[in-house]
Amino acid sequence: MEKYMLIFHGGNTQELFSSPELMQAHMAKWFAWIDKLKQKDLYISGEPLVPGGKLIQGTNKSVTDGPYTEGKDVVGGFFLINAKNMEEAVEIAKDCPDYQYEGSVQVRQVMKM
Amino acid sequence: MSGSENINLTIEHLFRRESSKLISTLTKIFGPHNLELAEDVVQDTLLKAMNTWKFNGIPDNPGAWLFKVAKNSALDVIRKSKRQQEYASNISNLLKSEYTLSPTLNEIMGANTIEDDLLRMIFTCCHPALSKDSQVTLILKTLCGFSVNEISRAFITSTDTIEKRLYRARQQLRELKIDFEIPVGPEVSARLESVLTTIYLLFNEGYHSTKHIELVRKDMLQEALRLSSLVCSHPSTALPQSFALHALLHLNGARVGSRLDSKGNILVLKNQDRNLWDREMIRLGLYYLNASAEGEQISRYHLEAAIAAEHVMAPTYEQTNWENIIRFYDLLIEMHPSPVIELNRAIAISELHGAESGIREIENIRDLPLLKNYYLLPATLGELCQRMNDNEQARKYFSQAMHLTNSPSEKKFLDGKLNEL
């Protein structure tokens, strides 16, 4: 088993969530997904990120907002999961419930040292 | 965080429940004229919750989490617009100074007055200056957390119509500048009447209609019961007429599950399986009917609940006490003249004195022309003619009824009747 990080972008489009029931139902889909991964021992951890981070760069260490400030690029959180290989990690990421809400998932393998 | 294994323990309708509490509390701060602002803050808060909780579960005290986020949002909103905006009149000055802003919000949002605030919100939505349609729509949007889409499905109308109705209602609240209060003194009973009517309409919309998809219908019944139980549990509004309405909702609600067969066909009362009636709902209904008997006044809800009680207490259709039911209908018509109620009374008469008497009563209904587009009028006449073996006349009536309904289940029901002839 290898470790993979799923990085979740976007998926927070306000207009698409017109009612509390709709939001709760969407959250329930995430919980169902996590439960499925847990049952197969594939879920290691997950954390949400507070919106609005800083980007530091250059030799003068300039600090700006970012790197993403635009809704659908902003990283909302991440999972650490177990998967046999990249193919399996990608298949897992395809189950993310956010695609219909302008979400996208970045899959990165965690380097073994 | 308690982890995602609590998926099944998640309170049903958690977001919807918390949303109505937040809207009510925020309206206390912003004032009813800023309803839209409160709605925006709540929408934002719930979105934040969803986008945080989805990664690793719901916190142990989700309500407190939401209140904290909403409070911070409210602080931001007020700070950004401190001088241009007037908020709730009684605290507006306290919100203008940075020294008192945060403590005031802490006090309002930390106070254990949520039941009061919800009731205040009910009274606000049912302000008599708003049309009945607006009242029901506003309640569904703010207190029941329905989306415009869901409301338009419930009313079988366009989202555009609902948007306009809400826009107009918010505008009226802006212009009215009403205080966010539970009415006191002599004002209570008139204002309460408006609240009870709206809850009654909300319930009926879900109950009588066969046009809704099942889920919306069930939600509307549930919400009507929740609101009426709020009204019944508050000392200012725990009055006989509130108990009577609560009784009525329970006694009718108890029979919801038996009104369609497994294939979705409509079953008339006579053919319903009485074992499917919800015993616990009936018990509560009778309890509240009993509680409503205190006091001198009798409301239409008393009478309608009494009629419903006769139906649920009859062991079989044949053993129904039609004399009592007719007596209650007589009183009801006296108090609240309506051709629909007269039609129902005529049906009761036909059960007691035969189909011919029933038809005679229908012909004597005062405002009969008002029922000319009401499919149950020809459907009832058809049924009575069928009972008198006048199949030709019955066929005519059932076909007439067929033209007056668009509901697939009602059409199917009438089809079945035509085939019986």
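Within every chain, numbering begins at 1; the chains are lettered A, B, ... in the order of the sequence lines, protein sequences first and strands thereafter. Heavy atoms only: backbone and side chains are in, while hydrogens, waters and symmetry mates are out.
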Interatomic distance, CE@B:M50 vs OH@A:Y101, rounded to 0.5 Å, equals 8.0 Å
(message) Taking NZ in A:K36 as the centre, count heavy atoms belonging to other residues, nucleotides or ligands within less than 6.0 Å. Is the count above 12?
(response) no
*asked:* With a sphere of 6.0 Å drawn around OH of A:Y99, does it hold more than 12 non-hydrogen atoms of other residues, nucleotides or ligands?
replied: yes
Cut-off 4.5 Å, heavy atoms of chain B, and the answer for A:F78 is backbone
What one should report as the nearest heavy-atom pair of B:I58 and A:M27 is CD1-CE, 3.8 Å
inquiry  = Around atom NZ of A:K29, are there more than 12 heavy atoms from other residues, nucleotides or ligands closer than 6.0 Å?
reply    = yes
The interface call for B:N149 against chain A, heavy-atom contacts under 4.5 Å, is neither
Of all heavy-atom pairs linking A:Y43 and B:F55, the shortest is OH-O, 3.0 Å
* Can you tell me if A:E21 and B:H13 form a side-chain donor-acceptor pair at under 3.5 Å? -> yes
- When you measure from the side chain of B:N56 to the backbone N and O of A:E47, does any donor-acceptor pair fall under 3.5 Å? no
task = Decide yes or no on side-chain contact (heavy atoms from CB on, under 4.5 Å) for A:D98 and B:K54, but give the supporting numbers first.
result = CA-CA 11 Å; A:D98 269 6; B:K54 68 185 185 186; 2.8 Å; yes
What one should report as the nearest heavy-atom pair of B:W53 and A:F31 is O-CE2, 3.2 Å
Closest non-hydrogen atoms of B:L47 and A:M23, given as atom of the first, atom of the second and distance, are N-SD, 3.6 Å
Under 4.5 Å to a heavy atom of chain B? For A:F79 that would be side chain
Most contact-rich option vs chain A, by heavy-atom pairs under 4.5 angstrom, among B:A49, B:S19, B:S147, is B:S147
For B:G145 and A:S19, the nearest pair of non-hydrogen atoms, with its separation, is O-CB, 3.7 Å
